[in-house]
Amino acid sequence: MNYWMVKQEPDAYAWDQFVRDKGTVWTGVRNFQARNNLRAMKKGDEVFYYHSVTGKSVVGTARVTREAYRDPSAEDGDWACVDLVPRQACRTPVTLEQIKAEPSLRGIALLRQSRLSVMPLSPAEADTLRRLGGLG
DNA sequence: GCCAACGTTGGC
DNA sequence: GCCAACGTTGGC
């Protein structure tokens with residue numbers, strides 16, 4: 001089981017909408033490193049959902065239900081998407097401020113590569129986020 | 001609104 | 001292959 005984080009501006013596609021939709025196809029990634037991370041996702045992996053720009057916090061988790069396939073929204077180029085379904089909303093969102101203040105999250109990709117929209121998490125990082133977010 | 005970081009593009 | 005210019009992301 002692998003752990004990941006995806007970033008999305010809530011103005012573009014908010015967690016609440018994701019929950020109402022009961023899942024979505026994670027399209028639109030146009031960065032090679034992020035795409036490669038999408039391709040490394042396995043069915044059943046846990047994905048933390050981060051609201052960038054507005055909110056700046058981890059708001060919930062999702063599960064990968066279909067592994068990478070061709071992004072139908074890509075006009076050209078070799079891009080990928082996965083299917084995600086909501087798993088659990090954070091009891092309390094984990095703010096960027098909290099993440100920065102947490103010593104065990106010092107190495108998290110969110111802080112090290114601020115522009116990467118799909119990134120891996122270590123099991124320990126996932127564990128800390130679950131704890132801070134009040135996820136069972 | 002500003003700006004730093006950083007990925008991409010294109011001229012050479 | 002290098003690097004300047006440019007566009008985008010995302011925190012502040």
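Small disclaimer: the values here were computed from a predicted structure and weren't measured. In what follows, chains carry the letters A, B, and so on, assigned in the order in which the sequence lines appear, proteins first and then strands, with residues in each chain numbered from 1.
With respect to A/Arg35 and A/Asp71, no salt bridge is recorded, no charged nitrogen being found less than 4.0 Å from a carboxylate O.
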- Report the C-alpha separation of A/Phe48 and A/Glu46 in whole Å, then their side-chain angles, then the decisive distance to 0.1 Å, and conclude whether the side chain to side chain contact (heavy atoms under 4.5 Å, CB included) test is met. CA-CA 7 Å; A/Phe48 290 76; A/Glu46 186 172 38; 4.0 Å; yes

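Side-chain N/O atoms of A/Gln17 and A/Asp21 include a donor and acceptor closer than 3.5 Å.
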- Protein-proximity profile, nucleotides 3-10 of chain B, B/S/- by nucleotide at the 4.0 Å heavy-atom cutoff, equals --BBSS--

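Sorted by first and then second residue, the side-chain hydrogen bond (donor to acceptor under 3.5 Å, both in side chains) pairs involving residues 57-70 of chain A (not counting sequence neighbours) are A/Tyr69-A/Asp83.
The side-chain hydrogen bond (donor to acceptor under 3.5 Å, both in side chains) test applied to A/Thr128 returns A/Ser104, not counting sequence neighbours.
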